[in-house]
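The next block holds one structure in the form of structure tokens; read it before the comments.
All of these numbers come straight from a predicted model, not from anything done at the bench. Here is the naming used below: chain letters follow the sequence lines, and residue numbers restart at 1 for every chain. Worth knowing before you read on, the calculation uses all heavy atoms, side chains too, and leaves out hydrogens, waters and symmetry mates.
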Amino acid sequence: MSKYHFNEIEAKWQKHWAKNQTFKAVNPSPSGGGQEGDKPKYYVLDMFPYPSGAGLHVGHPLGYIASDIYARYKRHQGFNVLHPQGYDSFGLPAEQYAIQTGQHPAKTTEENIARYREQLDKLGFSFDWSREVRTSNPEYYKWTQWIFIQLFESWYCKHANKAFHISELIEVFEAEGNYNVEAVCDDNVEIFTSKQWLDFSETKKQEILLKYRLTYLAETEVNWCPQLGTVLANDEIVNGVSERGGYPVVRKKMKQWSMRITAYAQRLLDGLNEIDWPQPLKDSQTNWIGRSKGATVKFRVMSSELGKGENSSLITHNSELEIPVFTTRPDTIFGVSFMTLAPEHDLVSKITTAEQKEAVENYIEATAKRSERERMADVKTITGVFTGAYAEHPFSGEQIPIWIGDYVLVGYGTGAVMSVPCGDQRDYDFAKHFNLPIPNIFKDADISEEAYSDKENTIITNSDFLNGLNYSEATDKIIAALEEKGIGKGKINYRLRDAVFSRQRYWGEPFPIYYKDGMPQIIPTECLPLRLPDVEKYLPTEEGEPPLGRADDWAWDVEKLSVVSRQLIDHKTVFPLELNTMPGWAGSSWYFFRYMEDEKRDEVFASKEALDYWQNVDLYIGGSEHATGHLLYSRFWVKFMLDRGFVNVEEPFKKLINQGMILGESALIYMLQPTDLPPIFISKEIYEKEEIDLKETGKRGDLYDLYSIIFKKYNLNSPAGFVHQTVHADVSFVNIQNELDIEAFKNWRPEYKYAIFILEDGSVYELNSSPSGRPGGAFKVSREVEKMSKSKYNVVNPDDICNQYGADTLRMYEMFLGPLEQAKPWNTAGITGVHGFLKKLWKLYHSGPDESFYVTDTPLSEGQGEALKTLHKTIKKVQEDIENFSFNTSVSSFMIAVNELISQNCNSREVLEPLAILISPYAPHIAEELWQKLGHSESIATAVFPKFEQKFLVESSKEYPISFNGKMRFTLELPLDLTKEEIESAVMAHEKTAQYLEGRAPKKVIIVPGKIVNIVG
RNA sequence: GCUCGAGUGGCGGAAUUGGUAGACGCGCUGGAUUCAAAAUCCAGUGUUUUAGGACGUGCGGGUUCGAUUCCCGCCUCGAGUACCA
């Protein structure tokens, strides 16, 4: 009578939840009272998606399902749960699409969001949509701009180790100049007194302040991608090409906004100890920040004319030039035999001698031509050139030749190294290649083949006052000596660079900045948002300006306090606005705070009460690809916002889980494309057999005979070469046996319409063969596991699965696939098992006549304890599993429980009611339906999670495994309250024991009560 | 190269503190039901065997009464990162 009609049930409850706002989170009232205020809070967040035109595929929901299970579980546990969702809706694809079609990105974004929402709703997530955010929404990016202004108006004090308002810095400048200021700032800041400061012009003051601001403008060498017409951050480049599109990237100097994230390097590192994140993710942040401890040392350049003279005693130290280097091994300073500068180093042109000038210039030109990618790919080739100049060793006074080489990177450290060939492999290789001396300063170390880089197990020698010391002793002593001489000091260096924050794009947040006398000025915060202007085209201008350069109304009137036409720019009251926009990570670096606010969104980014209540994200779920992007930038912004008192947490995400990627199983087809024929497709086994035969015998076989028949038929000569290629077929044309739907495939592409197919049985399928006369053989494709992508036609849409099996099945199946954090290929082979389970679950509650709902209220009597045992075993397991994010194993537990309860003919409310709650985080729709049938009018969402009671699991006896020498031989049921001695005598008395002992006396009997018995003998 | 992770049946995977290896599901085999099919239900399913057993968690060793689990050395695969001084 009542079958499991999942489609009806799911639609019904999705509608019900939306209508009743079942999952709306409520902030406690400011007075502190209210029902919600009594509950502990819990904040579960997914990394919000970029709404792409392709829609959701089955991989997207994996993390959302996991977080939804957790959020629902926490509601059952009595928490006030915040589980919101939104869209990271600024981004390149919408803009690329706009360039191609002229369609406004806002419109495509809107459409894509609508589709995403429809797909998400079908999966039954318990999101509170009333708090949705969209980063491209002006009401939202108003606050992104606001935060930018706060960064602009802040500086970082190294002494207090936090950020302060810029006005506090100005006060210091006015009172005493900048002599005592310890700030994170540009390298080239001049020292001035308070008087000098007061005498500076306004523009000069602004210029100086810009060197201190946490976001600043600087001429920086950036990764420029000509095809995309924009700058890319380091984490947007993969293997020297752009992450999106795979276009080449070149180095280029541009005036760009940067974020002084380096100010926070140490705190970003330290914070990792406070948060519960996967170790690999923490490791990659640690590597990205790249802390290394060492020292800076200044080497004085010798006057080059004298330096090359034979009589070195004549050399005077009158050279003004110094080369600072950073080294992690100051203890090896007496091993320095040359120095190497990066080709781009500023000093190169100043120190190069006349004789070497030509060689050096040629070398610099040659390296500049090599792209970053070539330079990276070709690490083996050693190149370099001598500058002709020498430096003086700070302790021995020896002259050290100065070389340039492209193994030294201008962007790291000081762009120069002191080369110690005996201790560093790169220096060693360079020295060998150019025949430079390799003095050995390690006692008993063999450096005939390679450098000796083990710093722990060595004693320094040939090193003057460092002789006989080990690494750490020598390091301490040399740093003290350097500091005493004033030519160096201990230093921590970070690999982390300041983050470039400008993008030459349209579809991003406009900077709230205009330019007066070339200096950036902020737009008053009360005028925000500064809305993105309309443009006719989304491309850069002919002059190479970003797309915003095309906007007519894009100037700032300081009197009217509004955006006006560019025509009106007079640099007196109307000024040009910034043309760049912010990068994708701007909006995603603080969105988690926005969800906390539900009412005063116009007044604040999030109110103090909301921030105080929700604090930070308790559980964050998303992909590991954001390890060094989003997850680092968010942490940086949160630390900054804490410093300035806008929020009250040091870290945004307390616990983080990376869900593994669901991969697609692409369908690949072998193809031969003759010049005058439609393509010929070859079934998998036929092709692969031929490949093997060809390899083994060197002869072409059956497949080539088939080809010649085909070619003959069309009066063609066989092509000279048989070049096969593989093409992707849409996975929807392929069934579970990897057989292709040939007709669907032919209709897919016009060029395949007349294609010829060689089937698995060797027969040929052509256009002319009528469907009835079609040969019996199937056509098989080969499979390859790849990332799901539109271009590989391996995308599986969750909607199809939902229609066929239901959202509850999809949810449970995705969890059942394997551990959450593991990457796994999508394969629907097992889905029927999970679907069958839900049908059985339904049946368990419908054991009445004609499959009608039947649950009895009669309490279980003594003898029916088995059902309660099953229930409590399951409660225990499921609760542990959820808390350990081991969702795959709890699905098995549910299967076991339902199988057992069916065989026990259980229909008791005492068991079936708690079971419905247990399962509701996983399969919420069926659980709600059963809950309602059980007679409840309230949603199951906040029903109290069943309490595990040990008493139902107490056993009186145990089936002991009896093993001999560690091998299990038989089992023996014994009461659990026996002592060791009693167990031993019971086991020894058993006939099988004697049989396995074969007359030997046991040497030893190990008894672990409640676990095992092991007899050694 | 470096860092991290993983190797278990035909497949996805389980075994959370060292204690009966292979839970659960898929697939496969046989059976029941059916005119037939779907669906459903029942039984079996690591390999091997002389039917007692032997072997079995990437490979080789070790610790232990006992190792998928701990230690040492290797192999393979995956991810990240890369001339970082």
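Of all nucleotides listed (A14(B), A85(B), U20(B)), A85(B) comes nearest to the side chain of Tyr412(A). Of the candidates A82(B), G25(B), G19(B), G19(B) carries the atom nearest the Lys1011(A) side chain, counting heavy atoms from C-beta on. Checking U81(B), G80(B), A15(B) against the side-chain heavy atoms of Ser284(A) singles out G80(B) as nearest. Of the candidate nucleotides U16(B), C65(B), A54(B), U16(B) has the atom nearest to the side chain of Glu880(A). Taking the side chain of Lys839(A) as heavy atoms from C-beta on, and the options G25(B), A39(B), A85(B), the nearest nucleotide is A39(B). In the set G12(B), G13(B), U20(B), the nucleotide with an atom closest to the side chain of Phe816(A) is G12(B). Comparing A21(B), C84(B), G19(B) against the side chain of Arg495(A) picks out C84(B) as the nearest. Here the side chain of Ile896(A) is nearest to one of C41(B), C65(B), A23(B), namely A23(B). Nearest nucleotide to the Thr971(A) side chain, out of U20(B), C65(B), A85(B): U20(B).
Across all strands shown, A14(B) forms no Watson-Crick or G-U wobble pair with both distances under 3.5 Å. Across all strands shown, G56(B) forms no Watson-Crick or G-U wobble pair with both distances under 3.5 Å. Of all nucleotides present, none satisfies the Watson-Crick or G-U wobble test against A51(B) with each distance under 3.5 Å. In this structure, C77(B) and G5(B) make a Watson-Crick or G-U wobble pair, each of the two defining distances being under 3.5 angstrom. The partner of U63(B), taking Watson-Crick or G-U wobble pairs whose two distances both stay under 3.5 Å, does not exist in any strand shown. When both pairing distances are held under 3.5 Å, C28(B) makes a Watson-Crick or G-U pair with G44(B).
Base orientation of G9(B): syn, since the glycosidic angle falls within 90° of 0.
Between U76(B) and U63(B), the two C1' atoms lie 26 Å apart (nearest whole Å). G19(B) and G12(B) have their C1' atoms separated by 27 Å, given to the nearest Å. Taking atom P on both U50(B) and A54(B), the two are 15 Å apart, rounded to the nearest angstrom. C24(B) and G61(B) are spaced 35 Å apart, taking the C1' atom of each and rounding to whole Å. When the P atom is compared between U16(B) and A6(B), the two are found 15 Å apart, to the nearest whole Å. A67(B) and C59(B) are spaced 15 Å apart, taking the P atom of each and rounding to whole Å. Comparing the P positions of U3(B) and A15(B) gives a spacing of 29 Å, expressed to the nearest Å. Annotation: G9(B) and G58(B) have their P atoms spaced 8 Å apart (nearest Å).
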* Would you please test Lys869(A) and Glu900(A) for salt bridge (Lys or Arg N to Asp or Glu O under 4.0 Å) and show each step? => CA-CA 10 Å; Lys869(A) 192 174 153 187; Glu900(A) 285 182 6; over 6 Å; no
* To do: Check the pair Asp808(A), Phe6(A) against side-chain contact (heavy atoms from CB on, under 4.5 Å), reporting the backbone distance first and the verdict last.
  => CA-CA 8 Å; Asp808(A) 284 341; Phe6(A) 53 87; over 6 Å; no
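Geometrically, Arg635(A) engages Trp277(A) in a cation-pi contact defined by less than 6.0 Å to the ring centre and at most 45° from the axis.
Taking 4.0 angstrom as the limit, Arg426(A) places a side-chain polar atom (N or O) nearer than this to OP1 or OP2 of C84(B). The shortest distance between the side-chain N/O atoms of Asn965(A) and the OP1/OP2 oxygens of G66(B) is not below 4.0 Å. For C65(B), the OP1/OP2 oxygens have a side-chain nitrogen or oxygen of Lys1004(A) closer than 4.0 Å. OP1 or OP2 of C84(B) has not a single side-chain nitrogen or oxygen of Thr328(A) nearer than 4.0 Å.
Within the nucleic acid shown, Arg291(A) has no heavy atom closer than 4.0 Å to any nucleic acid atom. If you check every strand for non-hydrogen atoms under 4.0 Å, Pro819(A) touches sugar and phosphate atoms only. Across all strands, Lys877(A) comes closer than 4.0 Å to base atoms (heavy-atom distances). Using a 4.0 Å heavy-atom cutoff across all strands shown, Asn899(A) reaches sugar-phosphate atoms only and no base atom. Residue contacts for Lys1003(A): at a heavy-atom cut-off of 4.0 Å it reaches no nucleic acid atom on any strand shown. Asp283(A) comes within 4.0 angstrom of the backbone, heavy atoms only, and of no base. Among the protein residues, Asp427(A) comes within range of no part of the nucleic acid, since none of its heavy atoms lies under 4.0 Å from any strand. Heavy atoms of Asp881(A) sit under 4.0 angstrom from at least one base atom. Residue Gln425(A) is classed as having no contact, given no heavy-atom separation below 4.0 Å to the nucleic acid. Residue contacts shown for Val1008(A) include a base, since a base heavy atom lies under 4.0 Å away.
Considering all non-hydrogen atoms of both residues, Leu918(A) and Phe894(A) come closest at O-CZ, 3.4 Å.
Aromatic ring centroids of Trp826(A) and Tyr813(A) lie under 6.0 Å apart. For His846(A) and Tyr4(A), the ring centers sit 6.0 Å or farther from each other. For His990(A) and Phe970(A), the distance between ring centers is under 6.0 angstrom.
If you find the closest nucleotide of RNA chain B to Val1016(A) and to Val417(A), the one lying nearer the 5' end belongs to Val1016(A). In terms of position along RNA chain B, the nucleotide closest to Ile1015(A) lies nearer the 5' end than the nucleotide closest to the other residue of the pair Ile1015(A) and Ser624(A).
Distance CE (Met895(A)) to P (C26(B)): 7 Å, rounded to an integer number of Å.
The aromatic rings of Tyr70(A) and Phe885(A) lie parallel to each other, their planes meeting at an angle below 30°, with 60° marking the opposite boundary.
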